[in-house]
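Everything on this sheet refers to the single structure shown next.
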Amino acid sequence: MRERDGLVTAAILDGKALSETLRARYRDEAAALTARGVQPGLAVILVGEDPASQVYVRNKVNACLAAGIHSEHCRLAADVDTARVIAEVERLNRDPAIHGILVQLPLPRQIDEAAVLAAVSADKDVDGFHVANVGALALGAPRFVPCTPKGVMELLAHAGVDLNGAEAVVVGRSNIVGKPMAQLLLAANATVTVCHSRTRDLAFHTRRADVLVAAIGRPKMITGDMVKPGAVVVDVGINRLPDGKLCGDVDFESTRTVASWITPVPGGVGPMTIAMLLANTLEAARRSLAR
Ligand code: NDP
């Protein structure tokens, strides 16, 4: 906590700064792998023209280029069928220059998302969504960990947050954020509660949290009165307001005077997600050397 203008305010968990440090390290690691004859490679499949997805994919591809990671951007028309997407995945599964494959979600309605994710080779599944990687995480022997919760764990470790025995509350139970987040916190010996849209008294749970992770997709839903004094608050949410500005799932202004640490939006979890994608791609390339 910091004191400012007579008010106690939370310290910022600065994902932008940490991700820049990590990305410099990953650039060196990519160069070292390339020198050993394996330039790490990531393929991103984007189906359709969703503007938000296009921005996310562009950011990922640019991050790869800056890190010296080869990247391939595969664009498919919005009206393709499941078989066409799977054919693209299988082509990339066979391509030795590609170590990581990411299918940008959400996919258009007509496509069977589970079938597509199942088609990605578990060895190239840098998003950690394949059932083999989900199972490995649940069994406590993780292989590829989903990038967003992995980035949250890096942020917490960097801030020196002690999770051992801590009350951790995760709001949201999606397969890509909430559930793996809960698994990782549990593996770090936190006592974990997972809340969702059917939770009866959300504030009762959030007020008990030493570490609160919000992954809801509802602007500013967690307000300062729902937060325990001194809590560490991680805001995964990215919401666009009618005025075009981005905001998280946490009301930053009312929460920063209660929490001890808080992530901003933007500049918190988002940049860490991209950094962890690079980390997983490097890991996949390293493992390919061992095969
Ligand atoms: P989903 O929509 O898949 O999941 C949202 C979760 O929030 C669900 O489990 C839902 O419960 C729960 N929820 C919804 N309403 C309430 C409520 N009123 N009270 C309690 N829980 C509620 O979203 P994601 O997990 O994919 O993403 C969450 C947010 O994180 C989004 O804003 C997204 O944009 C952002 N995001 C950010 C990333 C980053 O890099 N920073 C990466 C990925 C996502 P139920 O299961 O019952 O429906």
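Being a predicted model, the structure only gives us computed values, none of them experimental.
- A 4.5 Å side-chain heavy-atom check between Thr257 and Thr255 finds every atom pair outside the cut-off.
- The minimum heavy-atom distance between Asp249 and Gly217, with the atom names listed, is OD2-N, 2.9 Å.
- The side chain to side chain contact (heavy atoms under 4.5 Å, CB included) test with Thr206 singles out one residue from Ile222, Thr223, Thr199, and that residue is Ile222.
- At a threshold of 4.5 Å between non-hydrogen side-chain atoms, the residues Ser121 and Ile101 do not count as touching.
- Linking Ile, Leu, Val, Met, Phe, Trp and Tyr whenever their side-chain heavy atoms come within less than 4.5 Å puts Leu212 and Ile12 in one cluster.
- Taking CG from Leu246 and CG from Asn239, the interatomic distance works out to 8.5 Å, rounded to the nearest 0.5 Å.
- Hydrophobic clustering (ILVMFWY, side-chain heavy atoms < 4.5 Å, transitive): Leu277 and Val134 are in distinct clusters.
- Between Leu282 and Leu33, some side-chain heavy-atom pair lies under the 4.5 Å cut-off.
- If you take CG on Asn280 and NZ on Lys124, they are separated by 15.0 Å, rounding to the nearest 0.5 Å.
- No side-chain heavy atom of Met276 sits less than 4.5 Å from a side-chain heavy atom of Met153.
- Glu90 and Arg94 are not joined by a salt bridge, as no carboxylate oxygen comes within less than 4.0 angstrom of a charged side-chain nitrogen.
- Rounding to the nearest 0.5 Å places CE of Met221 at 12.5 Å from SG of Cys247.
- Between Lys150 and Glu154, none of the side-chain N atoms (NZ, or NE/NH1/NH2) sits under 4.0 Å from a carboxylate O, so this pair counts as no salt bridge.
- Val103 and Val131 are not part of a single hydrophobic cluster, where members link through side-chain heavy atoms under 4.5 Å apart.
- Here the side chains of Arg207 and Val169 are not in contact, with every heavy-atom distance at 4.5 Å or above.
- Across all non-hydrogen atoms, the minimal contact from Phe129 to Leu105 is CE1-CD1, 3.9 Å.
- Tracing side-chain contacts under 4.5 Å through hydrophobic residues (I, L, V, M, F, W, Y), one never reaches Ile238 starting from Val171; they form parts of separate clusters.
- Ion pairing between a basic and an acidic side chain is recognised when a charged N comes within 4.0 Å of a carboxylate O; Arg286 and Glu283 show such pairing.
- Taking NE2 of His70 as the start and OG1 of Thr34 as the end, the distance is 11.0 Å to the nearest 0.5 Å.
- The shortest non-hydrogen separation linking Pro264 to Phe252 is CA-CE1, 4.0 Å.
- Expressed to the nearest 0.5 Å, how far CZ of Arg23 lies from CD1 of Ile274 amounts to 6.5 Å.
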### Query
Is there a side chain to side chain contact (heavy atoms under 4.5 Å, CB included) between Glu113 and Val116 once you walk through the steps?
CA-CA 5 Å; Glu113 187 173 296; Val116 170; 5.8 Å; no

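- Side-chain contact between Leu22 and Met272: present, with at least one pair of heavy atoms (C-beta onward) separated by less than 4.5 Å.
- Both Met181 and Val161 are members of a single hydrophobic cluster when ILVMFWY side chains are connected at heavy-atom separations under 4.5 Å.
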